[in-house]
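Quick note: numbers below take in every heavy atom, side chains included, and nothing from hydrogens, waters or symmetry partners. All chains are named by letter (A, B, ...) in the order of the sequence lines, taking the proteins before the strands, and each is independently numbered beginning at 1.
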2 protein chains.
Amino acid sequence: MTKTRKAREELLERIKTMKANELLPRERDLALELGISRSGLRQALSELENERVIYRVRGKGTYVSDKQISKRTFITSFTRDMTERGLVAGTRVLHRAQALASGEVAQDLDVPEGTLIYSLQRLRLADGEPMCIEHVQLPAELFPELLRQDLDTSLYDILQSRYGIEIAFTRQTIRAVVATAEQRRLLATGRTAALLEVTRINFDARHRPIERGVSIYRGDRYDFTFNTNHQN
Amino acid sequence: MTKTRKAREELLERIKTMKANELLPRERDLALELGISRSGLRQALSELENERVIYRVRGKGTYVSDKQISKRTFITSFTRDMTERGLVAGTRVLHRAQALASGEVAQDLDVPEGTLIYSLQRLRLADGEPMCIEHVQLPAELFPELLRQDLDTSLYDILQSRYGIEIAFTRQTIRAVVATAEQRRLLATGRTAALLEVTRINFDARHRPIERGVSIYRGDRYDFTFNTNHQN
DNA sequence: CAGTGGTCTAGACCACTGT
DNA sequence: CAGTGGTCTAGACCACTGA
């Protein structure tokens with residue numbers, strides 16, 4: 001645990017007890033109080049500012065954000081997403097197979113055409129109701145024996161705990177599409193349903209593609225919320 | 001222009017001439033070369049890392065990212081968005097009026113119900129074809145005489161150049177909806193069209209809501225791409 | 001004017017990588 | 001082991017805010 005990290009935790013504790021828009025002590029005092037240099041403190045504060053836990057005003061001071069504003073950055077994991085919405089995530093594996101990468105999949109995963117991949121199709125449920133159809137591809141080389149794992153849970157938990165893979169960032173493309181007959185059947189929607197099609201590629205810290213997939217969500221039950229920073 | 005900023009620019013110049021995954025000089029040498037301290041250089045590098053222009057590997061060095069990966073963070077401005085796609089943005093103002101904030105609008109803008117706002121409805125075009133219907137609300141107090149401006153251009157350019165307002169971050173919620181008859185008429189889509197409904201609130205650096213709006217995009221012509229960092 | 005956050009420095013030491 | 005990026009420090013000075 002670095003000192004900056006520790007300062008960050010202590011700051012979060014302190015902020016929890018404060019109201020929105022309340023003023024924090026000046027940096028020089030906070031640093032003294034937390035037993036850290038001002039530079040170290042400033043790094044911790046900068047992280048919290050990026051996460052919108054606080055905001056800083058030059059010449060005035062550092063303030064606590066509205067709780068409302070700070071949340072929702074991370075998405076990606078269906079299980080976590082549903083949990084945050086107060087729903088219980090469920091999974092039905094529709095199909096699992098080895099396959100050879102081609103076309104868009106090979107391009108997204110940055111592997112030559114014909115590379116061995118795992119392909120996984122799952123129906124994801126929220127409180128027992130169909131929410132989304134998921135089609136995932138991963139390079140087989142990185143995940144030996146993946147298809148023998150229990151795939152009824154969070155794929156990202158498996159990648160992390162069993163293969164030690166950490167996702168560093170995600171690129172997503174969202175479209176609106178009209179449901180096909182097959183999709184209507186699986187998702188149990190009405191005749192003319194609009195669906196949210198999310199195509200995502202997950203990368204590790206070295207910018208290597210780790211996993212890609214397409215998720216098709218019911219438009220009447222799902223929305224997608226996120227924040228964007230416009231620094232500079 | 002700060003030294004860090006200058007270093008950043010010079011680094012970008014240098015990176016432009018390099019290939020993907022090429023190794024940059026070590027930090028100590030780069031700092032010397034750019035006439036800056038290592039700390040200052042590291043801050044510039046950290047910015048570039050966040051923007052995915054470079055990536056760093058401990059014990060090895062700092063590398064140039066694939067050009068492919070770095071782009072697409074900023075969205076929000078329709079005009080800029082279309083320009084990046086190689087399309088010409090156009091605008092037809094459908095409606096402009098003063099109004100009183102109520103319900104969701106008052107809540108999103110964080111003003112009491114009954115506060116005076118400006119309301120603006122525009123049809124946005126790409127290469128002359130309808131792309132999106134936009135419905136925007138802003139607190140009148142912040143933007144005197146707004147309705148007298150030329151609203152056929154980028155609203156964000158007006159906010160910045162005429163009112164000196166800088167947007168610091170954006171919160172967006174995306175849904176898929178089926179087009180109503182009115183929307184089909186305005187957007188010139190077919191009978192059963194899926195649309196992308198984007199609700200956004202723009203905040204300044206002090207976390208004050210500056211503007212909110214709903215944009216309804218044609219599902220067959222538009223997609224929405226963005227990146228998410230999962231630091232920590 | 002005093003008080004705040006923002007920038008910058010030179011240097012020390014730590015943690016990880018690959019030979 | 002030598003070489004890399006990562007953390008941390010103490011202190012100086014700048015730029016902005018509001019009384």
Side-chain angles (χ1 to χ4, degrees), chain A residues 1-11 14-15 18 21-65 164 166 168 204-208 229 231-232, chain B residues 1-11 14-15 18 21-50 52-65 164-166 168 204-208 229 231-232:
Chain A
M1 171 84 90
T2 64
K3 293 187 81 167
T4 302
R5 193 122 208 94
K6 184 157 172 292
R8 181 203 147 91
E9 304 298 331
E10 291 182 24
L11 283 167
R14 173 169 201 145
I15 287 164
M18 299 174 66
N21 303 308
E22 196 177 336
L23 184 62
L24 279 160
R26 42 186 282 214
E27 294 180 347
R28 288 153 177 91
D29 289 343
L30 264 184
L32 212 61
E33 185 180 323
L34 298 178
I36 193 180
S37 72
R38 189 176 161 220
S39 323
L41 172 73
R42 275 181 61 75
Q43 189 177 329
L45 287 174
S46 294
E47 279 183 24
L48 295 175
E49 186 182 25
N50 279 333
E51 298 162 21
R52 298 200 202 76
V53 174
I54 59 168
Y55 60 96
R56 304 199 268 194
V57 183
R58 184 188 269 214
K60 297 189 70 179
T62 302
Y63 300 84
V64 177
S65 300
E166 292 277 2
D204 70 4
R206 299 188 188 191
H207 292 199
R208 293 178 298 206
N229 273 357
Q231 50 225 7
N232 316 321
Chain B
M1 173 82 92
T2 64
K3 290 186 84 167
T4 301
R5 193 123 209 94
K6 183 156 172 293
R8 180 202 146 91
E9 303 299 331
E10 291 181 26
L11 283 167
R14 174 169 200 144
I15 287 164
M18 298 174 67
N21 304 310
E22 195 177 337
L23 184 62
L24 279 159
R26 43 185 282 215
E27 294 182 348
R28 288 153 178 89
D29 289 343
L30 264 183
L32 211 61
E33 185 180 323
L34 299 178
I36 192 180
S37 71
R38 188 176 161 220
S39 322
L41 171 74
R42 275 182 61 73
Q43 189 176 327
L45 288 175
S46 294
E47 278 183 24
L48 295 176
E49 186 181 26
N50 279 333
R52 300 202 201 72
V53 174
I54 58 168
Y55 61 97
R56 305 200 267 195
V57 182
R58 184 187 271 214
K60 297 189 70 177
T62 302
Y63 300 85
V64 177
S65 300
I165 296 272
E166 291 278 3
D204 70 4
R206 300 188 187 190
H207 291 201
R208 293 178 300 205
N229 274 355
Q231 50 225 5
N232 315 320

### Query
What are the two closest non-hydrogen atoms of B:Leu23 and B:Thr62, and how far apart are they?
CD1-O, 3.4 Å
### Message
Looking at every heavy atom in both B:Leu24 and B:Met18, which two are closest together, and how far apart are they?
### Response
CD2-SD, 3.7 Å
#### Entry: Sugar-phosphate only, base, or nothing, as touched by B:Thr2 at under 4.0 Å among non-hydrogen atoms
sugar-phosphate
### Query
Base, sugar-phosphate, or nothing for B:Leu45, non-hydrogen atoms under 4.0 angstrom?
nothing
### Message
Taking the nucleotide of DNA chain D with the nearest heavy atom to each, does B:Arg206 or A:Gly35 sit closer to the 5' end?
### Response
A:Gly35
### Message
Quick check on contacts: within residues 54-61 of chain A, what sits under 4.0 Å from DNA chain C by heavy-atom distance?
### Response
A:Arg56, A:Val57, A:Arg58, A:Gly59, A:Lys60, A:Gly61
#### Entry: Contacts of type ring-ring contact (aromatic ring centres under 6.0 Å, His included), residue A:Tyr55, not counting sequence neighbours
A:Tyr63, B:His207
#### Entry: Residue pairs passing the ring-ring contact (aromatic ring centres under 6.0 Å, His included) test where at least one lies in residues 23-43 of chain B, sequence neighbours excluded
none
### Residue pairs passing the ring-ring contact (aromatic ring centres under 6.0 Å, His included) test where at least one lies in residues 21-50 of chain A, sequence neighbours excluded
none
Salt bridge (Lys or Arg N to Asp or Glu O under 4.0 Å) partners of [X], counting only residues at least two apart:
X	value
B:Arg56	B:Glu27, B:Glu49
B:Arg14	B:Glu33
A:Lys6	A:Glu10

### Partners meeting side-chain contact (heavy atoms from CB on, under 4.5 Å) with B:Ser39 (sequence neighbours left out)
B:Ser37
### Message
Taking side-chain contact (heavy atoms from CB on, under 4.5 Å) as the definition, give me every residue that meets it alongside A:Ala7, ordered by chain and number, with sequence neighbours left out.
### Response
A:Leu34, A:Ile36, A:Ala44
### Query
Can you give the dot-bracket line for DNA chain C, using ( ) for pairs inside the strand, [ ] for pairs that cross earlier ones, | for pairs with another strand and . for unpaired bases, where Watson-Crick and G-U count if both distances are under 3.5 Å?
||||||||||||||||||.
### Query
Quick one: how far along DNA chain C does chain B reach, first to last nucleotide 5' to 3', anything under 4.0 Å to a heavy atom?
C:dT7 to C:dG18
### Message
Here's a test of your reading of the structure: between A:Asp29 and B:Gln43, which maps to the more 5' nucleotide of DNA chain C?
### Response
A:Asp29
